[in-house]
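Here the structure comes first, spelled out in structure tokens, and everything after it is commentary.
Here, residue 1 is the first one in the sequence, and each next residue gets the next number.
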Amino acid sequence: MYLYRDMEKIRENATFVLREIAQAQPGDNILVIADSESYSNARALCDVARECGYNAVILDVDMYGGQEGYDNIPIMEPVRQAILHADITFMTTPQIKTGFSTYLGSRDEGDESLLGKSKRFTFESGGMEEWNINKEEVLANRRRALALYAWLQKAKEIHITTKRGTDLYCAIHRGLDAMYPVMGIIPFYSEVAVIPSLGTVNGTVVADGASERTRNQRGFPIRPNMPTHNELYKEPMRLVFKDSILTDFSGDAVQADRLRVLLEEVSPKADLCDEIGLVTTTSPENNMYGWKVDGSHQINCIHVAIGNNRRRGEIIHSTEHVDFDVHDPMVEVDGECILKDGKFNDDIIFRHGEE
């Protein structure tokens, strides 16, 4: 095994990911996708996998996409087949730059990989030898997502408010096209992605957090929180939705211009409320080690996405899809508060979701 600064820590963390999150079984064939930036942690994961009795191999994609960038790389059938036929696949290349759809050539397959059911995991491996994982918290975060998912399938309405002015309603009873528990980004992230039907979202979103970096925006977010460029000190973006259509927006002039260009240049127009993402993780490591490319999808946030999804009952992400983080929300489901001041009311969530 390679030498690392803290070999016991990285062994413990990798074992937790393999056994308790990915639920690998003896003899499983594990594929780890890596490039130069993530290779050392990919090697550590494979070393531990071998110690645990699994078969593991690294697919080094650095010459394929990493060094030259991942935009518009050709789909190589051997790479695609390796992913599709592995018992478990861990992608350690950065998800904001790549995603499984990059290698599989299918947005549908990329969305399916987010759910975790396919045993294809986006592994946020940065800092793996430093993680002090609260295992009970990580597993509780994932259980919370599944319970909330179960409850929301029976619920009627989501109401989100913040002290900065967010006041958003989403009708979900017979007004929901799809819903997905996002369990495939590991180890710290979990979410319930609500895909509301057209006409069911109304109100105002004050996006005081980051917007995600998407390849369709040439790699630069509308409201960036990147390590080299942070604009969260600027006036928040204010997005107004009526019957699920973005009818008005305002904010910092430069950020508003970026959004205006997106709305004018993309066809079909990306002016729909495509998703309300209810982030269920409370693990601070999610912010410290994950989502480092754009600083979005933080704890104690929800995100609201604009986009142009016309296949709302089938996929999460459409041709254009941009998440905007909303900090410190209060979230109510059918009038019962499930999140306030950064704390989830698990008694309510689990009672409704696991009854």
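At a threshold of 4.0 Å, the pair Glu112-Arg120 does not count as salt-bridged, since none of the basic side-chain nitrogens sits closer than that to a carboxylate oxygen. A salt bridge does not link Asp347 to Arg351: none of the charged side-chain nitrogens sits closer than 4.0 Å to a carboxylate oxygen. Ion pair Lys156/Asp334 not flagged as a salt bridge, since none of the NZ, NE, NH1 or NH2 atoms sits closer than 4.0 Å to an Asp/Glu carboxylate oxygen. The existence of a salt bridge linking Arg142 and Glu191 is excluded, since no basic side-chain nitrogen approaches an acidic carboxylate oxygen closer than 4.0 Å. Between Lys269 and Glu320, no side-chain nitrogen of the basic residue sits less than 4.0 Å from a carboxylate oxygen of the acidic one, so the salt-bridge criterion is not met.
Heavy-atom contacts from other residues, nucleotides or ligands closer than 6.0 Å to CD of Glu20 number more than 12. Enclosure of atom NZ in Lys154 by more than 12 non-hydrogen atoms of other residues, nucleotides or ligands within 6.0 angstrom is indicated.
The main-chain N or O of Gln25 is found under 3.5 Å from a side-chain atom of Asp28 such that the two form a donor-acceptor pair. With hydrogens and angles disregarded, a donor-acceptor distance shorter than 3.5 Å links the side chain of Asp208 to the backbone of His327. Under the 3.5 Å distance criterion, the side-chain polar atoms of Lys340 are left unmatched by any main-chain donor or acceptor of Pro329. Looking only at distances, a side-chain donor or acceptor of Thr162 sits under 3.5 Å from a matching main-chain atom of Thr166. Distance alone, capped at 3.5 Å, is enough to place a donor-acceptor pair between the Asn141 side chain and the Glu137 backbone. Listed for the Glu212 side chain is a donor-acceptor partner under 3.5 Å among the backbone atoms of Asp323. No donor-acceptor distance shorter than 3.5 angstrom exists from the side chain of Asp47 to the backbone of Arg50, with no hydrogens or angles considered. With Asp62 contributing its side chain and Ala34 its backbone, the two residues share no donor-acceptor pair below 3.5 Å. Side-chain atoms of Ser244 come within 3.5 Å of backbone atoms of Thr200 as a donor-acceptor pair (strictly under, hydrogens ignored). A distance-only check finds a donor-acceptor pair linking the side chain of Arg223 to the backbone of Gly209 [under 3.5 Å].
Using a 3.5 Å distance cut-off with no hydrogens or angles, the side chains of Asp328 and Asn300 do pair a donor with an acceptor.
By the side-chain contact (heavy atoms from CB on, under 4.5 Å) test, Asn225 is found to be paired with Ala210, Asn230, Leu232, residues two or more places apart in sequence or in another chain being considered. Checked against side-chain hydrogen bond (donor to acceptor under 3.5 Å, both in side chains), Gln81 has the following partners two or more places apart in sequence or in another chain: Glu77, His85. With sequence neighbours excluded, no residue forms a side-chain contact (heavy atoms from CB on, under 4.5 Å) with Lys343.
One finds the OG1 atom of Thr204 at 11.5 Å from the NZ atom of Lys242 (value rounded to the nearest 0.5 Å). The line from OG1 of Thr161 to CZ of Arg164 is 14.5 Å long, rounded to the nearest 0.5 Å. Here Asp257 contributes atom CG and Asp252 contributes atom CG; the two are 9.0 Å apart, rounded to the nearest 0.5 Å. The OG atom of Ser250 lies 8.0 Å from the CG atom of Leu239; values are rounded to the nearest 0.5 Å. Interatomic distance, Phe90 CZ to Asn41 CG, rounded to the nearest 0.5 Å: 13.0 Å.
Under the 30°/60° scheme for interplanar angles, the aromatic rings of His159 and Tyr169 are found to lie parallel.
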Could you go through Glu12 and Lys135, starting from their C-alpha distance and side-chain angles, then the distance that decides it, and tell me whether this counts as salt bridge (charged side-chain N to carboxylate O under 4.0 Å, His left out)?
CA-CA 11 Å; Glu12 179 184 356; Lys135 297 178 182 178; 3.7 Å; yes

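Screening Asp346, Thr281, Thr280 for a side-chain hydrogen bond (donor to acceptor under 3.5 Å, both in side chains) involving Arg144 leaves a single residue, Asp346.
Between Phe188 and Trp131, the ring center distance clears the sub-6.0 Å criterion.
Taking 4.5 Å as the limit, some side-chain heavy atom of Leu259 sits within range of a side-chain heavy atom of Met237. When side chains are defined from C-beta on, Arg43 counts as touching Ile58, because their heavy atoms get closer than 4.5 Å.
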